[in-house]
Amino acid sequence: MEKFIIKGGRRLEGEVTISGAKNAVVAIIPAVILADGPCVLENIPNISDVSISLRILYEMGAEIKQLDKGVYRIDATGIKDPVVPYELARHMRASYYFLGTLLGKFGRARVSMPGGCYLGDRPIDQHLKAFSALGAVCTLENGMIDICADSLIGSQIYFDKITVGATINAMLAAVKATGLTVIENAAKEPHIVDLANFLNSMGADIMGAGTDVIKVRGVKNLKGTSYAIIPDQIEAGTYMVAAAATRGNVLIKNVIPKHLESITAKLAKIGVNVEEFDDSVRISVDGPLVKTSIKTMPHPGFPTDMQPQISTLLCLAEGTSIVTDEIFNNRFRYVDELRRMGADISVEGRVAVIEGVGKFLGAPVTAPDLRAGAALIIAGLAASGVTEIDDIYHIERGYEDIENKLRALGADITKKTVPGNSVRKVAL
Ligand code: EPU
């Protein structure tokens, strides 16, 4: 079992480079199955969700070669059996993207139902609705989702609520269907656009990604391609908040500032200086941090994946802040851990009321999930004294080399291996 030990109280200073986007790459790696030739993917982050996705492809029969740091050649043409066994799929919720991609390629898919969830209710009814609209029959047996279609026919899909996962799965399944699929009330996240750009570079015909109506005209064949993944907007936002929480001065490189607008706007309200350049942002603080109210929303609103981190910053601000998570109904599980570090937060359903306390005190804490773990790191960096964070495997699912990136900014953070078994429950 590994933990992070942080001696807090140091200002972060210097430069950090952002890696490829986790939530784009966990869709794009399965999408390689749709190609009739090898694909070269660049800017692949070294995170455990990527290892799991590549492992699934490999076990299914793909050939994978690492060409350079973050660059992989994947030839998935050897995959013949559209089944992802439970043992492989259970480690990662995003394994449900194999449903859309295998259905799109083979007209059949059998993937284990995504595992338990730690952010609240996460049904997949909208995914199944999209597959059904295209003519597939979906059944659930022994925890496996079975989907098959004699042929996939383009159709109109209207999502009852905005969902990233179902929008991606609908695109993956429709890309080779016969005729036109119109996806309405689609999610607009940057990784939706990235997946569409990747599929279009393979020869797909997708228009409107990034708006709430996506049109997919089915094509017969998709070819291999080379593609570089976009930078991770949430990793960037996490370093922005970490810099602010330590009253540091950090240049965050390899970002698309447009993707960070909602985070930048809230940080500015809190009193953080954000300077934007072409592909970087500089964060600094020279005055007091002040309260604000935040509601998480689908893109371009404030992302739920930044809610724990910004709530942590608001503990250091003057006044009472209100944070509402409109996306997930149980994403405040880190609050108990932050309370152990001196935070004054009360939670009622989806709403947290945060009384600014101005400081944290180091304490032993446990990361309940990926972004909550990142929030605890931020609290530890800002705290006086030592913070020990357990269950850091959650954090390593989505942050490449976080320990060394923070250390290069002047943080005192080390990873320690301690005896003992951690029960790994992951599903984001
Ligand atoms: N929903 C349904 N039915 C569905 C699908 C979703 O009711 O069929 C609901 C969910 O319960 C939730 C809301 O719709 O209340 C939004 O869920 P969405 O489908 O957008 O989320 P997701 O695809 O399961 C992805 C990211 C999450 C991120 C959310 C929201 C990946 C692999 N995961 O999850 O990322 O929080 O979108 O932006 O892309 C993270 O990176 O830490 C993370 C949790």
Side-chain angles (χ1 to χ4, degrees), residues 19-31 45 47-50 52-53 89 91-100 113-133 138 145 157-172 183 185-195 212 229-230 232-238 259 262-263 296-309 324-331 333-334 349-350 367-375 394-400 426-428:
S19 305
K22 169 184 94 77
N23 287 345
V25 87
V26 294
I28 288 175
I29 288 177
I47 53 176
S48 60
D49 269 12
V50 162
I52 296 169
S53 305
H91 295 291
M92 192 181 64
R93 189 170 174 86
S95 57
Y96 56 32
Y97 292 141
F98 283 89
L99 282 171
M113 183 80 177
C117 162
Y118 299 96
L119 309 179
D121 298 330
R122 292 178 83 180
I124 59 160
D125 57 308
Q126 300 301 305
H127 301 238
L128 301 182
K129 173 177 166 172
F131 299 145
S132 302
C138 311
I145 305 165
I157 300 167
Y158 182 87
F159 286 125
D160 301 328
K161 66 189 302 181
I162 299 175
T163 137
V164 170
T167 302
I168 286 178
N169 253 335
M171 285 162 64
L172 292 169
I183 305 168
N185 203 22
K188 297 182 279 211
E189 269 65 7
H191 33 288
I192 306 272
V193 180
D194 208 35
L195 174 68
D212 53 12
I229 314 294
I230 52 165
D232 195 309
Q233 108 208 76
I234 304 301
E235 188 197 11
T238 301
H259 293 172
S262 62
I263 301 167
T296 68
M297 303 280 226
H299 191 80
F302 190 88
T304 174
D305 294 345
M306 281 300 299
Q307 182 266 103
Q309 302 90 313
T324 309
D325 201 311
E326 293 279 347
I327 308 294
F328 293 113
N329 59 12
N330 188 18
R331 207 167 191 175
R333 292 183 321 126
Y334 63 89
R350 291 171 180 261
D369 62 60
L370 168 61
R371 308 303 173 188
H394 286 296
I395 301 168
E396 293 178 337
R397 292 189 39 243
Y399 290 92
E400 179 172 58
V426 287
L428 285 172

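Residue numbers start at 1 and run along the sequence shown. Computed from a predicted model, the values in this text were never measured in an experiment. Ligands are counted one by one from 1 in listed order, and the atoms in each one are counted from 1 as well.
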Q: Using only heavy-atom distances, determine whether the side chains of Thr238 and Gln309 contain a donor-acceptor pair under 3.5 Å.
A: yes
Q.
Please tell me whether Asp232 and Ser19 have a donor and an acceptor in their side chains that are separated by less than 3.5 angstrom.
A. no
Please report whether ligand 1 has a polar contact with [X], defined as an N or O pair separated by less than 3.5 Å (distance criterion only).
X	result
Val26	no
Thr304	no
His191	no

Q: Carefully, step by step, assess Lys22 and His191 under the rule side-chain contact (heavy atoms from CB on, under 4.5 Å).
A: CA-CA 9 Å; Lys22 169 184 94 77; His191 33 288; over 6 Å; no
Q. Can you name the salt bridge (charged side-chain N to carboxylate O under 4.0 Å, His left out) partners of Glu189, sequence neighbours left out?
A. none
Q. Who are the salt bridge (charged side-chain N to carboxylate O under 4.0 Å, His left out) partners of Lys161, not counting sequence neighbours?
A. none
**Q.** Sub-4.0 Å heavy-atom contact, Ala166 with ligand 1
**A.** no
Q.
Contact between ligand 1 and Met306 is defined here as a heavy atom of the residue under 4.0 Å from a ligand atom; is it met?
A.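 It does not; every heavy atom stays at 4.0 Å or beyond.
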Q | ligand 1 versus Lys161: contacting region, heavy-atom distance under 4.0 Å | A | side chain
Q.
Heavy-atom pairs closer than 4.0 Å: do any link ligand 1 to the side chain of Lys22, the backbone, both, or neither?
A. side chain
Q.
Judged on heavy-atom distance to atom 35 (O) of ligand 1, which of Ile192, Asp232, Leu128, Asp305 sits nearest?
A.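 Going through Ile192, Asp232, Leu128, Asp305 one by one, Asp305 has the nearest heavy atom to atom 35 (O) of ligand 1.
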Q | Shortest heavy-atom approach to atom 37 (O) of ligand 1 - which of Asn23, Val164, Asp125 | A |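 Answer by nearest heavy atom: Val164.
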Within a distance under 4.0 Å of any heavy atom of [X], pick out the atoms of ligand 1 and give their elements.
X	value
Arg122	11 (O), 22 (P), 24 (O), 34 (O)
Leu370	42 (O)
Gln126	3 (N), 4 (C), 8 (O)
Arg331	36 (O), 42 (O), 44 (C)
Ile327	12 (C), 15 (O), 16 (C)
Ala94	32 (C)
Gly165	19 (O), 23 (O)
Tyr96	22 (P), 23 (O), 24 (O)

Work out which heavy atom in [X] is nearest to a heavy atom in [Y]; give both atom names and the distance.
X	Y	answer
Gly20	Pro45	O-CG, 3.3 Å
Tyr96	Asn169	O-ND2, 3.1 Å
Phe98	Pro30	CE1-CG, 3.8 Å
Leu172	Ala31	CD2-CB, 3.7 Å

Q | Lys/Arg N to Asp/Glu carboxylate O, Arg331 vs Asp305, below 4.0 Å | A | yes
Q. Can you find a pair of side-chain heavy atoms, one from Val25 and one from Ser53, that are under 4.5 Å apart?
A. no
